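Note that the structure is predicted; figures quoted are calculated from it, not measured.
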Amino acid sequence: MSPPVVLLCLLLLGNLEPAGALIRVPLRRVHPGHRFLSPLNGWGQPPSTSASGDERSFVPLSKFMNVQYFGDIGLGTPPQNFTVVFDTGSSNFWVPSSRCHFFSLACWFHHRFNPKASSSFRPNGTKFAIRYGTGRLNGILSQDDLTIGGIHGASVIFGEALWEPSLVFAFAHFDGILGLGFPTLAVGGVQPPLDTLVEQGLLEKLVFSFYLNRDSEGSDGGELVLGGSDPAHYIPPLTFIPVTIPAYWQVHMESVKVGTGLSLCAQGCGAILDTGTSLITGTSEEIRALNKAIGGFPLLTGQYLIQCSKIPELPTVSFRLGGAWFNLTGQEYVIKIFQSDVGLCLLGFQALDIPKPEGPFWILGDVFLGSYVAVFDRGDKNNGPRVGLARAQPRATRPAGGATQAQFL
């Protein structure tokens, strides 16, 4: 997850089985940036209870300007509240600490965890450091109880951030990060939070899904569903794609097409489904060709702009995954900086060259995931990990009250 370059600029300018437990995490959304936090290693937590039977718990997601999404968790006893990005592109969980460095500006602008105020706090003291795309932080590991949705008392290892030198963290609309990637991606070998929930019997299966609300009005950002998916969020069927490299949620993408003319990823390529990335990224050469075909003109920051009035005439951009085409219209891949049909708009495609051995690959971020619900399934000893994709249900047609049956994969 990389820092929000665009945010800084704007500041200046399948087969399903019924399941018994469904944990809902409501989301909010925040302003676009090409990536907030996933570390991509080397680029550059009351009594313990869990939802059961038909019980459902809700933790809404919120949004800011329709692109970056976050939600609320509690940490400690009694719970200290934090806003976090739920990030499929990283595997560590951290929040700012009350013991942070005096000159760490981000600490003073956000909620800070106070271990002295928690009766369930357990010190660890191991040092950790995470380097993101264009930002970094370091601190110490600690242990305390996590509250998320209807789950309470999960004893998790998390990071207390002591030093956040990057300005991106100071400007961020979130306090910290809760990683949803694979254990192999975790800095320091720390067990990811959801793995801990399953190990402690608080979550039945390591399956979760994202519905990101792209409506322009309000701060409602959708939902993160832990333990399964909600059929009210999408139009069946789900198309399942096996994970090829279980670190990020990486799959094989067969092709990308722009309208009827330009073909990219012609020989197939890797693609990561990443809730921590705001835009869609690809190699410099291919993204340059894609934006040229659309008619965008480049900024020095690496993003591309288009006249808002041209949105209705823009070509469809299509991604072939698991033998199915997933289409984005101009209305879906263009980000309106201001809610207007005049002026300039941001195209949702940005160049990002990831060197070998990790790359090269594409990243399908929130611009893609806003139109398609993604179900992330870590699998089991009989079935490997996979991602399910289906067209998001238009919000106006969704059943009210969330009364649909929970689904497990």
Side-chain angles (χ1 to χ4, degrees), residues 1-7 25 27 29-30 32-44 61 67-71 84-94 128 130-137 159 166 168-169 172 174 176-188 190 192-195 206 208-210 212 221 224 241 243-253 269-282 321 348-355 357-370 372 374-378 385-387 389:
M1 192 181 214
S2 302
V5 175
V6 175
L7 173 58
V25 184
L27 299 177
R29 53 187 174 189
V30 301
H34 96 85
R35 178 150 181 84
F36 271 99
L37 295 170
S38 286
L40 297 179
N41 300 323
W43 295 7
L61 297 182
V67 180
Q68 190 66 41
Y69 298 77
F70 52 87
V84 298
V85 172
F86 297 100
D87 181 21
T88 59
S90 68
S91 299
N92 289 83
F93 171 33
W94 64 266
F128 79 95
I130 302 177
R131 180 174 294 276
Y132 296 101
T134 54
R136 61 188 176 89
L137 64 101
S166 305
V168 59
F169 295 123
F174 54 85
I177 303 300
L178 193 147
L180 298 171
F182 288 78
T184 53
L185 200 63
V187 173
V190 176
L194 291 197
D195 291 72
L206 228 169
F208 57 92
S209 58
F210 278 89
L212 303 182
L224 162 63
I241 310 107
V243 171
T244 54
I245 302 177
Y248 309 110
W249 289 90
Q250 182 169 342
V251 299
H252 178 71
M253 185 159 65
C269 53
I272 288 175
L273 285 299
D274 188 356
T275 59
T277 293
S278 296
L279 307 185
I280 295 171
T281 78
L321 298 152
F349 307 100
Q350 180 176 354
L352 184 61
D353 292 308
I354 298 109
E358 290 88 357
F361 51 70
W362 287 62
I363 300 177
L364 305 182
D366 295 337
V367 166
F368 179 86
L369 296 171
Y372 293 94
V375 182
F376 298 84
D377 179 8
R378 283 272 295 275
R386 58 182 184 167
V387 177
L389 294 173

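- Side-chain contact between Pro360 and Ile354: absent, with no pair of heavy atoms (C-beta onward) separated by less than 4.5 Å.
- A side-chain donor-acceptor contact under 3.5 Å links Ser166 to the backbone of Arg136.
- The minimum heavy-atom distance between Leu185 and Ser91, with the atom names listed, is CB-OG, 3.4 Å.
- One distance of note links CG of Leu180 with CG of Asp195; it measures 10.0 Å at 0.5 Å rounding.
- What you find for Pro183 and Arg378 is that their closest heavy atoms are CD-NH2, 3.3 Å.
- Looking at Thr88, its side chain does come within 3.5 Å of a backbone N or O of Thr275 through a donor-acceptor pair.
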request  = Please report the C-alpha distance between Asp366 and Thr277 in whole Å, then the side-chain angles of each, then the deciding distance to 0.1 Å, and finally whether the side-chain contact (heavy atoms from CB on, under 4.5 Å) criterion is met.
outcome  = CA-CA 6 Å; Asp366 295 337; Thr277 293; over 6 Å; no
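- Applying the ring-ring contact (aromatic ring centres under 6.0 Å, His included) criterion to Phe182, with sequence neighbours excluded, gives Trp249.
- When ring centroids are compared, Trp94 and Phe174 stay outside the 6.0 Å threshold.
- With rounding to the nearest 0.5 angstrom, the CZ atom of Arg386 is 15.5 Å from the OG1 atom of Thr244.
- The CG atom of Leu364 sits 9.0 Å away from atom CD1 of Ile272, with the distance rounded to the nearest 0.5 Å.
- Within the 4.5 Å cutoff, no side-chain heavy atoms of Phe361 are placed close to those of Cys269.
- Considering only heavy atoms from C-beta on, Leu206 stays 4.5 Å or farther from Phe376 through its side chain.
- Taken from CD1 in Ile363 to OG in Ser278, the straight-line distance is 11.0 Å, to the nearest 0.5 Å.
- In this structure, the ring-ring contact (aromatic ring centres under 6.0 Å, His included) partners of Tyr372, at least two apart in sequence or on a different chain, are Phe326, Phe368.
- For Asn92 (side chain) and Val187 (main-chain N/O), a donor-acceptor pair under 3.5 Å exists by modelled atom type.
- Between the Asp274 side chain and the Gly89 main chain, a donor and an acceptor come within less than 3.5 Å of each other.
- Between His252 and Leu321 the shortest heavy-atom distance is O-CD2, 3.8 Å.
- The line from CG of Leu369 to OH of Tyr69 is 9.5 Å long, rounded to the nearest 0.5 Å.
- For the pair Ser90 and Ile177, the minimum side-chain heavy-atom distance is below 4.5 Å.
- Contact detail for Val387 and Ala374: the closest heavy-atom pair is CG1-CB, 4.5 Å.
- A distance of 7.5 Å separates OG1 of Thr281 from CD of Gln350, quoted to the nearest 0.5 Å.
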